[in-house]
Enquirer: 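First, the structure itself, so that you have it in front of you.
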Amino acid sequence: MAHSRSASRPRSILIVLGALVGSAIAIWNYITPLTGVTGTFGAGLVIASSILIALAGIVIQLTEPGAIRTILRVLVALGLLGTAAAAYFLHEWWLIAAMGVVLIGLIYDIASSRGARSKGAYA
């Protein structure tokens with residue numbers, strides 16, 4: 001049973017958690033009257049991007065190190081930058097904070113993956 005140790009650790013939990021909180025904030029702003037973005041296309045796009053970031057975080061956790069994980073990390077980074085920029089233009093500061101959590105999760109995921117590889121090299 002070849003199950004790598006790095007795949008069993010919850011490395012991308014902050015990515016998923018931050019993205020889910022971001023999507024909840026975006027849904028709240030989309031459906032609540034008088035938020036300034038109620039029912040707008042931009043708010044709907046932010047909901048979609050936040051959900052896609054959460055799904056990418058789950059797939060990052062489930063994939064083995066390689067090209068797919070790297071591509072997903074780059075896409076998560078681009079998604080969080082775009083979502084944070086949209087949140088800035090929509091004056092949604094809590095959404096920017098949620099994307100900050102995603103950024104911390106992405107950095108943690110990359111750092112913990114490097115740590116697992118280097119332990120193997122020196123062990």
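In this chain, numbering begins with 1 at the start of the sequence shown. Quantities reported herein were computed from a predicted structural model and do not represent experimental measurements.
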Enquirer: Ignoring hydrogens, what is the shortest heavy-atom contact between A98 and V21? Give both atom names and the distance.
Expert: CB-CG1, 4.3 Å
Enquirer: In Å, rounded to the nearest 0.5 Å, how long is the span from CD1 of I53 to CE of M99?
Expert: 5.0 Å
Enquirer: Applying the 4.5 Å side-chain criterion to the ILVMFWY set and letting contacts propagate, would V59 and I110 be lumped into a single cluster?
Expert: yes
Enquirer: Quick one: do T35 and T38 satisfy side chain to side chain donor-acceptor pair (under 3.5 Å)? Show the steps, please.
Expert: CA-CA 6 Å; T35 59; T38 306; 3.1 Å; yes
Enquirer: With distance as the sole test, does S112 use its side chain to make a donor-acceptor pair with the main-chain N or O of D109 at under 3.5 Å?
Expert: yes
Enquirer: Treat each ILVMFWY residue as a node, draw an edge where side-chain heavy atoms are under 4.5 Å apart, and state whether L52 and L20 are in one component.
Expert: no
Enquirer: List the steps and the verdict of side chain to side chain donor-acceptor pair (under 3.5 Å) for S12 and R73.
Expert: CA-CA 10 Å; S12 63; R73 285 175 175 161; over 6 Å; no
Enquirer: Count I, L, V, M, F, W, Y as connected when their side-chain heavy atoms are under 4.5 Å apart, and connections chain through other members. Are I71 and V74 then in the same cluster?
Expert: no
Enquirer: I'd like to check I47 versus Y30 (side-chain heavy atoms, cut-off strictly below 4.5 Å). Are they in contact?
Expert: yes
Enquirer: When you measure from the side chain of T40 to the backbone of V37, do you find a donor-acceptor pair of N or O atoms at a distance under 3.5 Å?
Expert: yes
Enquirer: Can you find a heavy atom in the side chain of R11 that is under 4.5 Å from one in the side chain of I60?
Expert: yes
Enquirer: Can you hop from V102 to I107 via hydrophobic side chains spaced under 4.5 Å?
Expert: yes
Enquirer: Under a 4.5 Å cut-off applied to non-hydrogen side-chain atoms, are V76 and I15 in contact?
Expert: yes
Enquirer: Any chance you could measure I58, atom CD1, to T63, atom OG1, to the nearest 0.5 Å?
Expert: 12.0 Å
Enquirer: Grab the two heavy atoms, one from I96 and one from A87, that are nearest each other, plus how far apart they are.
Expert: CG1-CB, 3.5 Å
Enquirer: About how many Å separate CD1 of I68 and CG of L75, when rounded to the nearest 0.5 Å?
Expert: 11.5 Å
Enquirer: Does W28 have more than 12 heavy atoms from other residues, nucleotides or ligands lying within 6.0 Å of its CH2?
Expert: no
Enquirer: State the CG-CG distance between L34 and N29, to the nearest 0.5 angstrom.
Expert: 12.0 Å
Enquirer: Just how far is it from atom CG of L95 to atom OG of S23, taken to the nearest 0.5 Å?
Expert: 9.5 Å
Enquirer: Measure the spacing between CG of L45 and OG1 of T83 and express it to the nearest 0.5 Å.
Expert: 8.0 Å
Enquirer: Treating Ile, Leu, Val, Met, Phe, Trp and Tyr as nodes and any side-chain heavy-atom pair under 4.5 angstrom as an edge, say whether L72 and L106 lie in one connected cluster.
Expert: yes
Enquirer: So which heavy atom on V46 is nearest to which on A86, and how close?
Expert: CG2-CB, 3.7 Å
